[in-house]
**Student:** 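Structure in structure tokens, see below.
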4 protein chains.
Amino acid sequence: MNNVVLIGRLTRDPEVRYTSETQMAVARFSVAIDRPVRSGGEKQTDFPNVVVFGKQAENCERFLRKGRLVGVQGRIQTGKYTNKDGATVYTTEVVANNVEFLDWGDRNERSDRPAPQQASSPQKDDMGIPEGFQAIEDEDIPF
Amino acid sequence: MNNVVLIGRLTRDPEVRYTSETQMAVARFSVAIDRPVRSGGEKQTDFPNVVVFGKQAENCERFLRKGRLVGVQGRIQTGKYTNKDGATVYTTEVVANNVEFLDWGDRNERSDRPAPQQASSPQKDDMGIPEGFQAIEDEDIPF
Amino acid sequence: MNNVVLIGRLTRDPEVRYTSETQMAVARFSVAIDRPVRSGGEKQTDFPNVVVFGKQAENCERFLRKGRLVGVQGRIQTGKYTNKDGATVYTTEVVANNVEFLDWGDRNERSDRPAPQQASSPQKDDMGIPEGFQAIEDEDIPF
Amino acid sequence: MNNVVLIGRLTRDPEVRYTSETQMAVARFSVAIDRPVRSGGEKQTDFPNVVVFGKQAENCERFLRKGRLVGVQGRIQTGKYTNKDGATVYTTEVVANNVEFLDWGDRNERSDRPAPQQASSPQKDDMGIPEGFQAIEDEDIPF
DNA sequence: TTTT
DNA sequence: TTTT
């Protein structure tokens, strides 16, 4: 059993890549969740990272933007990789089974993203790997 | 909303420290959770870190050992700290509201831990901070 | 372990009563949650009942209305009672630890409810018991 | 979002039927979950009903018995039906996506069930519908 | 690297 | 007794 439910706001636009073999979409974002305030305490916020795959990742790319409110159901996934300095970095992220869009922003923002420039998105990801994460290949897709 | 439920087995004995001011117990352990096997795939396991505070942490110290099965209900907490090399390390762990002991091991193992050597546990934690975590002080206790 | 998370819309205004002894508020509502649509299937919806106690119940009374979107974290509670015909009726409801207001409706709706007519709410509840539920007394409050 | 996690013990052996068209297995049981004891209060227990479909239902039939400990991940489903007296009965149950067996009982109990008598289980269910539930047909299977 |  |  490994079950997570989050409701929070995107800290930035989702970042989408594609697996090299099947070109499956992989979207990543992190979500801001304020902790319940302790009386007399200052605001504190958690920023868990979320990964989504496939059709849902494509919907995240199209409809989600920084600041939008989402509900996420998934599981905690841990991993590790070796960084440029040869140090082992441990990662913990939420792999989403389901992402729900809980608000739809202003009219402007709801419109689809500008069509990506030719040959941009469904191509081998050679932009480098984001800080703190490994490349994702087809064998990492959980379905 | 930030809700986590895990069922898994301790990867090692819980590690317990005490806050310097109120001497509240803080227990840490990580838990192994096998992912549902994909047909034709090999076994994969996640190892989320768990933190527990107060009375529950004391019970974890007394009754939990490596290999025991637990249910954990809590929330994801993120943080960061600067390591010895001056690099920023980001952390993600599960802060437990509730830890349930789902098996009690063999008769032998169920017995309490040998009493800690004098002045050992309820003392200022100066053993250093475990790899990948910050010191915990009273203001970090969530209740 | 008994953990529930729901996101859905109120099917009607919350119904609030008060325990006879300590006059603690008890709010009830049910929430509509659409099931993920099966391709070729028609829409289906679940309507779980939710109960909230104390301060949170008062906030529900003030700010929640039919149609508003909420996140609920809580547990499943079962019970039974004997109805007017002498038949045993079994109940299952969600006792909320936490209710989050995920939208705030139009400006008009966000305003507080009209002040209840004098001596209305914080009084012994003698309006009778709603269909399908038992009276709630102080010993039923979970904290 | 509609997410439930339970850990509890079966109150009786699971009850298994099969849909008339595709003969898919449908297992039902209820699970006892003690509430956290309030100091000075007496023990209280919830008994949510659980339904499982397909392969998992077959595993429940084979391996689960009264008293066994399970973890359940699923969602709350509500429904209604008309009983023999013409009264509308409202139902709330947990539809499981995943049932984990958290203990395996004594050696004896772990063995498979005696093979059902010829033509017993994979047949049209005409034993009547259990108290408080509707018949389940193929269109009710959630996958 | 953080959201309303 | 059902919500957008």
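Protein chains get the first letters and strands the later ones, always in sequence-line order, with residue 1 at the start of each.
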**Student:** Quickly work out the B:Q77 CD to E:dT2 P distance and round it to whole Å.
**Tutor:**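 After rounding, the gap between these two atoms is 17 Å.
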
**Student:** Determine the contact category for D:T88: base if any of its heavy atoms lies under 4.0 Å from a base atom, sugar-phosphate if only primed atoms, P, OP1 or OP2 are that close, otherwise nothing.
**Tutor:**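 Nothing, no heavy atom under 4.0 Å.
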
**Student:** Starting at CG of C:L102 and ending at P of E:dT4, how long is that distance when rounded to a whole Å?
**Tutor:**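 Going from CG in C:L102 over to P in E:dT4 covers 16 Å.
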
**Student:** B:T82: what forms a side chain to side chain contact (heavy atoms under 4.5 Å, CB included) with it, not counting sequence neighbours?
**Tutor:**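 With neighbours one apart ignored, the set is empty.
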
**Student:** Which residues pass the side chain to side chain contact (heavy atoms under 4.5 Å, CB included) test with A:A32, not counting sequence neighbours?
**Tutor:**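 In terms of side chain to side chain contact (heavy atoms under 4.5 Å, CB included), with neighbours along the sequence ignored, A:A32 is linked to A:T11, A:T45, A:F47.
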
**Student:** Among all residues two or more places apart in sequence or in another chain, which pass the side chain to side chain contact (heavy atoms under 4.5 Å, CB included) test with B:N83?
**Tutor:**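 With neighbours one apart ignored, the set is B:Y81, B:D85, B:A87, B:V89.
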
**Student:** Output the rounded distance in Å from CG (C:D103) to P (F:dT4).
**Tutor:**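 So the CG-P distance, C:D103 to F:dT4, works out to 10 Å.
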
**Student:** When you get a sec, tell me which of F:dT2, F:dT4, E:dT3 is the closest nucleotide to the side chain of A:A32?
**Tutor:**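 Of the options given, the side chain of A:A32 lies nearest E:dT3.
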
**Student:** Given atom CG of C:D46 and atom P of F:dT3, what is their separation to the nearest angstrom?
**Tutor:** 14 Å

**Student:** Provide, to the nearest angstrom, the distance between the CD1 atom belonging to B:I76 and the P atom belonging to E:dT3.
**Tutor:**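 Taking CD1 of B:I76 and P of E:dT3, I get 19 Å after rounding.
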
**Student:** Which parts of residues 34-44 of chain C get close to DNA chain F, meaning a heavy atom less than 4.0 angstrom away?
**Tutor:**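 Going residue by residue through residues 34-44 of chain C, the ones with a heavy atom under 4.0 Å of DNA chain F turn out to be C:D34, C:K43.
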
**Student:** So which nucleotide from E:dT3, F:dT2, E:dT1 ends up closest to the side chain of B:Y90?
**Tutor:** E:dT1

**Student:** For B:Q77, give me all partners under side chain to side chain contact (heavy atoms under 4.5 Å, CB included), at least two apart in sequence or on another chain.
**Tutor:** A:R35, A:D46, B:R75, B:E93, B:V95

**Student:** Under 4.0 Å, heavy atoms only, any strand: does C:G67 hit a base, just the sugar-phosphate, or nothing?
**Tutor:**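 Since only primed, P, OP1 and OP2 atoms lie under 4.0 Å of C:G67, the category is sugar-phosphate.
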
**Student:** Quick one: do A:D13 and A:R28 make a salt bridge, cutoff under 4.0 Å?
**Tutor:** no

**Student:** Who are the side chain to side chain donor-acceptor pair (under 3.5 Å) partners of B:T78, not counting sequence neighbours?
**Tutor:** none

**Student:** Counting heavy atoms from C-beta on, name the nucleotide in F:dT2, E:dT3, E:dT1 closest to the side chain of A:F47.
**Tutor:** E:dT3

